Amino acid sequence: MLKEPAVSSDQMLAFEVDCHIFDGCGFPAPGLHSFIFEPMFTIGGFEFNKPILLALLSTVVVVGFFWAAFNKPKLVPGKLQMVGEAGYDFVRRGIVYETLGKRDGEKFVPFMVALFFFIWIMNLWSIVPLAQFPVTSIIAFPAGMALLVYVTWMYLTFRKHGFGGGLKNLTGYDKSLGAVLPLVVVIEFFSNTLVRPFTHAVRLFANMFAGHLLLVMFTIAAWYLLNGIGIAYAGVSFVMVIVLTAFELFIQAVQAYVFVLLAANYVQGALAEHH
């Protein structure tokens, strides 16, 4: 079985810089190799590569920012504290309170805020020079966060309703459904225990994977066409890079919002009397 070539940690885009149209070389199209990185170093069997580094930097950025913003809070906030309060309040009021209500939602605000900004920063690396890679385009990272939400959801469900009540909550058990009850129970059970956590992770992964692939493709195309009459097309491709970068800024924030909104919905379902 052939193995995709890995991208070294010092490469931003995997393509031949001397390859242009009319030079006798084909278009170096991006592919899965654009998402595979050589390890920077290995400890035991653990390989530390660029996506892991960017994920750790994301943690440092989020923790560092909120620590700097709220370490010494003032009654009249400075600029950094104002930005921190605005971000925190956006998630608290715009997602958590709207979904869970103030009484039930307050205890989950720190978790949702951390989740939102961690995902957003990991997405933002896609358009940061030298980094130029969205961490969430590697399925392991969205899957890990979706698993964290899933475990929280299941824990709250069974703690709130007990074992029997938790199963009813997950299966949509309702005697009034009559003959269709067995079918509904099966569908709801598999939807809640398998489909929802799967789509929760894949939605974030697929959007960031596709966005990065498009951005890389037009970037490489702009360079590849930079030769002879192809220069005119290179300009069009470069414009597309700018447009896609602006669009990615929007999508990166939207995907963080959607992921956290779904997480809040799952928590709300776990706490609700009837699912």
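From a predicted model like this one, the values you see are computed outputs, not experimental measurements.
From Met122, atom CE reaches atom CD1 of Ile138 across 11.0 Å, with rounding to the nearest 0.5 Å. To the nearest 0.5 Å, atoms CD1 (Ile231) and CD1 (Ile21) are separated by 11.5 Å. For the atom pair OG1 (Thr136) and CD1 (Ile121), the distance works out to 11.5 Å, reported to the nearest 0.5 Å. Between the CG atom in Leu156 and the CG atom in Asp104 there is a gap of 10.5 Å [rounded to 0.5 Å]. Within the model, atoms CE of Met154 and CG of Leu170 stand 4.5 Å from one another, a figure rounded to the nearest 0.5 Å. Gln81 CD to Lys74 NZ: the interatomic distance, rounded to the nearest 0.5 Å, is 8.0 Å.
Here the closest heavy-atom approach between residue Asn169 and residue Gly269 is recorded as ND2-O, 3.2 Å. Counting all heavy atoms, side chain and backbone alike, Ala146 lies closest to Phe259 at N-CZ, 3.7 Å. Contact record, Ile127 with Glu248: CG2-CB, 4.5 Å, taken as the closest heavy-atom pair. Closest of all the heavy-atom pairs between Thr171 and Glu188 is O-CB, 3.2 Å. Here the closest non-hydrogen pair linking His212 and Ser126 is ND1-OG, 3.9 Å. Shortest non-hydrogen contact noted between Asn192 and Pro197 is O-CD, 3.6 Å.
Every residue two or more places apart in sequence or in another chain that forms a salt bridge (charged side-chain N to carboxylate O under 4.0 Å, His left out) with Lys160 is listed here: Glu273. Not counting sequence neighbours, the partners of Phe209 by the ring-ring contact (aromatic ring centres under 6.0 Å, His included) test are Phe35, Phe205. In this view, Ser58 and Trp125 satisfy the side-chain hydrogen bond (donor to acceptor under 3.5 Å, both in side chains) rule, not counting sequence neighbours. Partners of Phe48 according to the ring-ring contact (aromatic ring centres under 6.0 Å, His included) rule, which considers only residues two or more places apart in sequence or in another chain, are Phe41. For Ser176, the side-chain hydrogen bond (donor to acceptor under 3.5 Å, both in side chains) partners are Asp174, not counting sequence neighbours. Every residue meeting the salt bridge (charged side-chain N to carboxylate O under 4.0 Å, His left out) condition with Arg93, not counting sequence neighbours, appears here in chain and number order: Asp89.
Between the side chain of Gln252 and the backbone N or O of Asn123 there is at least one donor-acceptor pair closer than 3.5 Å. Counting only distance, with no hydrogens or angles, the side chain of Asn207 and the backbone of Arg203 share a donor-acceptor pair below 3.5 Å. When atom types are taken as modelled, the side chain of Asn265 and the backbone of Leu261 share a donor-acceptor pair closer than 3.5 angstrom. Although no hydrogens or angles enter the test, the distance criterion places a donor-acceptor pair under 3.5 Å between the side chain of Thr199 and the main chain of Arg196. In terms of modelled atom types and a separation under 3.5 Å, the side chain of Ser237 and the main chain of Phe218 share a donor-acceptor contact. Judged by distance alone, the side chain of His200 and the main-chain N or O of Leu147 form no donor-acceptor pair under 3.5 Å.
Taking the six-membered ring for Trp and thresholds of 30 and 60 degrees, Phe163 and Phe158 have nearly parallel ring planes, at less than 30 degrees apart.
Shown here is Phe22, whose CZ atom has more than 12 heavy atoms of other residues, nucleotides or ligands within 6.0 Å. In this structure, Phe198 places its CZ atom where only 12 or fewer heavy-atom neighbours from other residues, nucleotides or ligands lie under 6.0 Å away. Heavy-atom contacts from other residues, nucleotides or ligands closer than 6.0 Å to CZ of Phe27 number more than 12. For CD1 of Ile229, the number of neighbouring non-hydrogen atoms (other residues, nucleotides, ligands) closer than 6.0 Å is 12 at most. Residue Phe189 places its CZ atom among 12 or fewer non-hydrogen atoms of other residues, nucleotides or ligands, all under 6.0 Å distant. Atom CZ of Phe238 is surrounded by 12 or fewer heavy atoms from other residues, nucleotides or ligands within 6.0 Å. Atom CZ of Phe65 has more than 12 heavy atoms from other residues, nucleotides or ligands within 6.0 Å. Atom CD1 of Ile43 is surrounded by 12 or fewer heavy atoms from other residues, nucleotides or ligands within 6.0 Å.
Looking at Leu215, Ile220, Leu213, Leu214 one by one, the single match for side-chain contact (heavy atoms from CB on, under 4.5 Å) with Met217 turns out to be Leu214.
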- Query: So Leu115 and Phe108, side chain to side chain contact (heavy atoms under 4.5 Å, CB included) or not? Walk me through it.
  - Reply: CA-CA 11 Å; Leu115 204 57; Phe108 298 102; over 6 Å; no
- Message: Assess the residue pair Gln132 and Thr219 against the criterion (side chain to side chain contact (heavy atoms under 4.5 Å, CB included)); give the C-alpha distance rounded to whole Å, side-chain angles, the decisive distance to 0.1 Å, and a yes or no.
- Response: CA-CA 12 Å; Gln132 294 176 293; Thr219 302; over 6 Å; no
- Item | Chi angles and distances behind the side chain to side chain contact (heavy atoms under 4.5 Å, CB included) call for Arg92, Glu106 | CA-CA 8 Å; Arg92 179 174 61 180; Glu106 189 63 44; 4.1 Å; yes
- Item | Test side chain to side chain contact (heavy atoms under 4.5 Å, CB included) applied to Tyr266 and Thr152, step by step | CA-CA 9 Å; Tyr266 297 155; Thr152 303; over 6 Å; no
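In this structure, Phe66 and Val113 have side chains that are in contact, with non-hydrogen atoms separated by less than 4.5 Å.
If you look at Phe116 and Phe90, their ring centroids are closer than 6.0 Å.
In the hydrophobic clustering of this structure, Val184 does not group with Val195; members are Ile, Leu, Val, Met, Phe, Trp, Tyr whose side-chain heavy atoms approach within less than 4.5 Å, directly or through other members.
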